[in-house]
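So that we are looking at the same thing, I have put the structure below in structure tokens.
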There are 2 protein chains.
Amino acid sequence: MTSDEQSTGIAHIADLDRLIHEPARLMILAVLYVVESADFGFLMNQTGLTYGNLSSHMSKLEEGGYIEVVKQFKGKRPNTMLSLTDAGRAAFQDYRQTLLDLLSDLPD
Amino acid sequence: MTSDEQSTGIAHIADLDRLIHEPARLMILAVLYVVESADFGFLMNQTGLTYGNLSSHMSKLEEGGYIEVVKQFKGKRPNTMLSLTDAGRAAFQDYRQTLLDLLSDLPD
DNA sequence: TAAATCGCTTTGTATCGCAAAGTATTTTGT
DNA sequence: ACAAAATACTTTGCGATACAAAGCGATTTA
């Protein structure tokens with residue numbers, strides 16, 4: 001164990017995945033984590049995000065390889081479906097465990 | 001219950017206290033939450049932050065009224081002590097509960 | 001007494017999130 | 001048939017933020 005990496009202690013919180021840590025994206029991933037697949041409008045309802053914000057966060061999660069985005073037509077209108085990738089699921093689980101470890105083991 | 005505030009659902013994650021949410025400050029507050037009082041050097045060790053980063057985050061937490069900073073001389077050298085205010089403790093507890101509610105109630 | 005160390009603060013830059021504006025198509029009046 | 005409104009997003013612009021690096025004043029060591 002070197003000086004800057006320790007299994008116990010809280011310094012590893014600094015390494016929290018920033019792509020997940022942003023509240024808007026945390027919400028998106030939390031929804032996708034349980035429903036497996038959701039369309040753009042459903043996610044807007046669940047998260048309270050605007051079109052613009054959901055769109056840009058969606059792009060970042062896609063670029064990071066955490067979600068897959070499938071665009072199709074539902075009738076005559078465009079429809080965007082999102083789902084977690086395996087990498088996204090793994091990263092979310094890791095993020096979740098790190099935070100739970102910190103927050104659970106506190107007094108009061 | 002109006003359309004943009006719901007007691008169940010995850011949209012309230014968007015309101016997470018940003019002053020606490022930043023990993024560097026989350027670490028600082030987590031330490032102060034359990035030790036009540038800590039000096040600058042101890043916090044550097046615990047968090048792995050540099051002087052500059054710890055200094056600026058300390059200032060923001062102080063401006064937000066979450067910590068109290070007391071500067072004194074220990075022998076001939078300056079020494080900076082940090083401690084949580086009541087407001088800081090309350091805000092941290094609220095932040096913690098919000099995140100635990102989200103992260104605890106997930107399957108897998 | 002010069003150099004290094006301590007204990008920080010301030011500055012500069014690069015990134016990021018959000019709101020607002022823009023795009024393309026479809027549906028709904030009239 | 002034509003205009004206006006709605007749907008379903010994407011792109012742009014800007015203000016705020018975080019981090020690294022440079023700076024600073026004092027003290028200790030060689």
Side-chain angles (χ1 to χ4, degrees), chain A residues 3-4 11-29 31-32 37-64 66-83 95, chain B residues 3-4 11-29 31-32 37-64 66-83 95:
Chain A
S3 62
D4 62 344
H12 62 287
I13 293 291
D15 300 325
L16 271 180
D17 190 334
R18 294 286 187 155
L19 193 51
I20 298 181
H21 195 57
E22 175 62 29
R25 291 191 293 261
L26 183 55
M27 290 191 288
I28 294 168
L29 293 178
V31 172
L32 294 179
S37 166
D39 76 6
F40 198 98
F42 178 76
L43 278 168
M44 278 189 62
N45 282 336
Q46 293 293 304
T47 61
L49 294 170
T50 62
Y51 283 114
N53 292 340
L54 179 51
S55 179
S56 64
H57 288 300
M58 180 177 71
S59 294
K60 290 192 176 170
L61 289 170
E62 190 182 17
E63 283 160 25
Y66 286 2
I67 65 171
E68 188 187 12
V69 178
V70 176
K71 289 173 183 298
Q72 58 195 339
F73 275 84
K74 214 165 192 173
K76 293 185 176 177
R77 289 169 171 287
N79 179 259
T80 301
M81 290 286 280
L82 300 88
S83 59
Y95 172 88
Chain B
S3 61
D4 62 343
H12 62 288
I13 293 291
D15 300 324
L16 269 181
D17 190 333
R18 295 286 188 154
L19 192 51
I20 298 181
H21 195 58
E22 176 61 31
R25 293 191 293 261
L26 183 55
M27 289 191 289
I28 295 169
L29 294 178
V31 173
L32 294 179
S37 165
D39 76 4
F40 197 97
F42 177 76
L43 277 168
M44 277 190 61
N45 283 336
Q46 293 294 304
T47 62
L49 294 169
T50 62
Y51 284 113
N53 291 340
L54 178 51
S55 180
S56 64
H57 287 300
M58 181 177 70
S59 294
K60 290 194 174 166
L61 289 170
E62 190 182 18
E63 284 160 24
Y66 287 1
I67 66 171
E68 189 188 11
V69 178
V70 176
K71 289 172 180 302
Q72 58 195 340
F73 274 84
K74 213 165 191 172
K76 296 185 175 177
R77 290 168 170 287
N79 178 259
T80 302
M81 289 286 280
L82 301 88
S83 59
Y95 173 88

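Letters go in sequence order (proteins before strands), and every chain restarts at 1. Please read all numbers here as calculations on a predicted model, not as lab measurements.
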Taking side-chain hydrogen bond (donor to acceptor under 3.5 Å, both in side chains) as the definition, give me every residue that meets it alongside A:D15, ordered by chain and number, with sequence neighbours left out. none
Span of DNA chain C engaged by chain B, first through last nucleotide within the 4.0 Å heavy-atom cut-off, is C:dC6 to C:dC18
More 5' along DNA chain C: A:E22 or A:P78, using each one's nearest nucleotide? A:E22
With A:I28 as partner, the option from A:Q46, A:H57, A:M58 fulfilling side-chain contact (heavy atoms from CB on, under 4.5 Å) is A:H57
Hits for side-chain hydrogen bond (donor to acceptor under 3.5 Å, both in side chains) against B:S55, two or more places apart or cross-chain, chain-then-number order -> none
Report the residues that fulfil side chain to side chain contact (heavy atoms under 4.5 Å, CB included) with A:E63, sequence neighbours left out, ordered by chain and then residue number. A:S59
For DNA chain C, find the residues of residues 52-64 of chain B with a heavy-atom distance under 4.0 Å and give them by number; none if there aren't any. B:G52, B:S55, B:M58
Those residues that, when tested against B:Y51, pass side chain to side chain contact (heavy atoms under 4.5 Å, CB included) (two or more places apart): B:F40, B:M44
Enter the distance from A:R18:CZ to B:E22:CD here, rounded to the nearest 0.5 Å. 4.0 Å
Return a table of donor-acceptor pairs under 3.5 angstrom between the side chains of residues 67-75 of chain A and protein atoms on other chains or two or more places apart.
from: A:K71; atom 1: NZ; to: A:T80; atom 2: OG1; distance (Å): 3.3

Compare every heavy atom of B:A11 with every heavy atom of A:G48, then report the nearest pair and how far apart it is. N-CB, 4.4 Å
For B:Y95, all residues meeting ring pair (Phe, Tyr, Trp, His ring centres under 6.0 Å), sequence neighbours excluded: B:H21
5' to 3' on DNA chain D, which nucleotides open and close the contacts with chain B (atom under 4.0 Å from a heavy atom)? D:dT17 to D:dT28
Please walk me through it: do A:L32 and A:Y66 pass side chain to side chain contact (heavy atoms under 4.5 Å, CB included)? CA-CA 10 Å; A:L32 294 179; A:Y66 286 2; over 6 Å; no
Could you tell me which residues satisfy side-chain hydrogen bond (donor to acceptor under 3.5 Å, both in side chains) with B:T50, sequence neighbours excluded, listed by chain and number? B:N53
Non-hydrogen side-chain atoms of B:L82 and B:D39 separated by less than 4.5 Å: no
How close do A:A14 and B:P23 get, counting heavy atoms only, and between which atoms? CA-CB, 4.4 Å
Which residues in residues 67-76 of chain B have at least one heavy atom lying under 4.0 Å from any atom of DNA chain D? B:K76
For A:R18 and A:Y51, take the nucleotide of DNA chain C holding the closest heavy atom to each; which residue's nucleotide lies nearer the 5' end? A:R18
Using a 4.0 Å heavy-atom cut-off across all strands, classify B:F40 as base, sugar-phosphate, or nothing. sugar-phosphate
Take A:V31 and A:L43 through the side chain to side chain contact (heavy atoms under 4.5 Å, CB included) test and state the conclusion after the steps. CA-CA 8 Å; A:V31 172; A:L43 278 168; 3.7 Å; yes
Note the angle between the end axes of the helix from C:dT1-D:dA30 to C:dT30-D:dA1, five pairs defining each, rounded to 10 degrees. 10°
Contact summary for A:K60 and A:R25, nearest pair of heavy atoms: CD-NH1, 3.6 Å
